[in-house]
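Atoms within a ligand are numbered from 1 in the order they appear, just like the ligands themselves. These values consider heavy atoms only, across backbone and side chains, with no hydrogens, waters or symmetry-generated copies.
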Amino acid sequence: MSYDYAPIVPYLLTWFDYNARILPWRDNPKPYYVWVSEIMLQQTRVEAVKGYFDRFVTALPDIEALAGASEEQLLKLWEGLGYYSRVRNLKKAAEIIVRDYSGVLPADYEKLKKIPGIGEYTAGAIASIAYQLPVPAVDGNVLRVAKRIACSFDDVTNTSVKRKLSQDLARIMPKERPGDFNQALMELGALVCIPNGRPDCMKCPVMHLCRAFHEDKVLMLPVKPDKKARRKENRSILLIEYGDRYLIHKRPQKGLLAGLWEFPGLEGKLNTDEIIVRLKDLGYHDFTIEALGEARHIFTHIEWHMTGYRVRLSDSVPIHAGEEPYLWADREALLENYCIPNAFAAYLKYV
Ligand code: SF4
C-alpha cells in the first residue's frame, strides 16, 4: 500500500530545529566536511566518528591535501575506524576531484555518483546538505523510519524498495530545506526510532502519522532477511620481540584488512608446545614464550577467535629482518607510524 509522506515534513523539520545534535561537520557543512563525515559514518557510530573527523580534517584540511596524502598517513588517521577501503577510496576520489573539478566536489548529484566510493546515499547527502539540492539520501536509518511510518513489510534490503522510497521522498522534499529534511529523517532514526530495542514513540514528532505505531507493529519493522552466520576462524597471534623492537607483517593488498600491518599470525588455536614447534620450523631457536590470553574480533562475515603469545627472541640475528612484507619496529614507530587495525587491540596493549 503506498503512503503519502508529505504530511510528515513540517513536523519533522520543527523537531529537527530543536533536537538536532551539535556535530562538528554540521556546524560548517562544507562539501568536503559532509563527504568525509558521511564516509566515516558508514559502519561507525556518530560518537566514535567525532574525534576521528576533527583529527582528519585538521591534518588534511581540504581535498587537495587529501589527494596528496601518503597511504601510511591516511591509514594512521583511519586507524581503529575499520573498513579501510573507505579511506583508500577517499584518496582516489580526491585525486579525481582535483584533476577533473579543480579540487571542488561537483554540485551535481549525477556527477557525484560517478566518483569512487560515493554511492546514491552519499551523493544525496552531499548534494542536499552541502548544496541544498532537493535529492533524497536513503540509508538504513531512513528506510527503517519510513517503513515504520508507512507500516510497510517490504524487504528493506531489496534495491527496488530503496529506489521506490527515494522516488516517494523526492516528490515531497521541501525545496527550501532539503538538507535539513534528510538530516531530520536520519536524526529521528538515530535518536528516537532506533534500530535495536523499542523506539521512543512518545517523543516522536510524527507519532500521530505513524501507521506501525497505531497498528502496534513497530517492533516487526523493518523487514530484513535473516543474515548468514559468520564464518569462524581460529588464529594464533605472535607478539615477537627482539630487543626493543617488534616484528610486524604487512597483509596482502587484497582481501581482509588488505595492506594493513599486523602481528604475525598462524592459522589455528595453537597451544604453547605447538607454537614452540612452529617457531623452530620458522628458524627461531632461542626464545621465551608467554601466553597473552584469548580475544575475539568480529568482521562483517568472519569472526576471528584468537589466542596470543609474547615471544622474546634472544637469537643473535633475527630472521625476517627488514624483509618485506616483514619489518622490525620499535614501540614509538609502531604506535606512531604504522596502522595496526582494531582486530589486534587485545595484543597491541602489551606493546
Ligand atoms: Fe518510529 Fe515510533 Fe515514530 Fe513510528 S512513532 S516513526 S515507530 S518512533
Side-chain angles (χ1 to χ4, degrees), residues 1-23 25-26 37-38 41-50 119-122 124-125 127-129 134-227:
M1 208 191 315
S2 70
Y3 183 94
D4 176 12
Y5 289 98
I8 71 171
V9 175
Y11 296 101
L12 259 185
L13 288 175
T14 307
W15 175 82
F16 186 66
D17 288 339
Y18 291 100
N19 294 281
R21 284 169 295 180
I22 296 166
L23 301 173
W25 49 91
R26 222 174 236 167
S37 66
E38 288 297 341
L41 286 165
Q42 293 167 5
Q43 329 271 2
T44 313
R45 289 173 307 105
V46 166
E47 284 312 310
V49 162
K50 280 185 192 169
E120 286 182 11
Y121 165 76
T122 310
S128 63
I129 300 169
V135 189
V138 176
D139 68 350
N141 270 335
V142 173
L143 273 164
R144 179 177 63 258
V145 173
K147 291 295 155 186
R148 283 176 173 166
I149 293 173
C151 200
S152 159
F153 282 74
D154 293 338
D155 172 357
V156 292
T157 61
N158 190 323
T159 322
S160 62
V161 169
K162 196 170 167 183
R163 194 171 309 130
K164 170 76 171 60
L165 178 61
S166 287
Q167 290 162 356
D168 290 347
L169 294 179
R171 274 195 294 279
I172 58 116
M173 293 284 289
K175 302 284 177 283
E176 65 294 353
R177 297 182 65 186
D180 285 351
F181 176 70
N182 283 338
Q183 291 188 89
L185 270 176
M186 296 172 204
E187 199 78 337
L188 190 68
L191 300 180
V192 178
C193 197
I194 52 176
N196 304 311
R198 184 171 279 281
D200 199 350
C201 298
M202 291 304 150
K203 290 196 177 148
C204 178
V206 293
M207 184 181 78
H208 59 299
L209 298 168
C210 178
R211 282 188 185 159
F213 175 77
H214 291 291
E215 294 177 24
D216 200 16
K217 290 181 178 155
V218 170
L219 291 181
M220 296 179 198
L221 295 166
V223 172
K224 292 180 189 172
D226 286 344
K227 278 189 192 155

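Counting backbone and side-chain atoms alike, Cys193 contributes no N/O/S atom closer than 2.8 Å to atom 3 (Fe) of ligand 1. At a cut-off of 2.8 Å, Cys201 is counted among the residues with an N, O or S atom near atom 2 (Fe) of ligand 1.
Listed by atom number, the atoms of ligand 1 under 4.0 Å from Met207 heavy atoms are 5 (S). With ligand atoms numbered from 1 in the order given, ligand 1 contributes 7 (S) to contacts under 4.0 Å with heavy atoms of Val218.
Proximity of Arg211 to Ile149: side-chain heavy atoms (C-beta onward) are nowhere separated by under 4.5 Å. Residues Val138 and Leu169 have side chains in contact (heavy-atom distance under 4.5 Å, counting atoms from C-beta outward). Here the side chains of Trp25 and Val49 are in contact, with some heavy-atom distance below 4.5 Å.
Looking only at protein heavy atoms, the nearest one to atom 3 (Fe) of ligand 1 is Cys204 SG, 2.4 Å. Protein heavy atom in closest approach to atom 6 (S) of ligand 1: Ile149 CG1, 3.7 Å. Counting protein heavy atoms only, atom 4 (Fe) of ligand 1 is closest to Cys210 SG, 2.3 Å.
For the residue pair Tyr121/Gln42, the side-chain donor-acceptor check at 3.5 Å is not satisfied.
In terms of heavy atoms, Pro174 sits closest to Leu13 at CG-CD1, 4.1 Å.
Salt-bridge formation is detected for the pair Asp17/Arg177: a Lys NZ or Arg NE/NH1/NH2 atom is positioned less than 4.0 Å from an Asp or Glu carboxylate oxygen.
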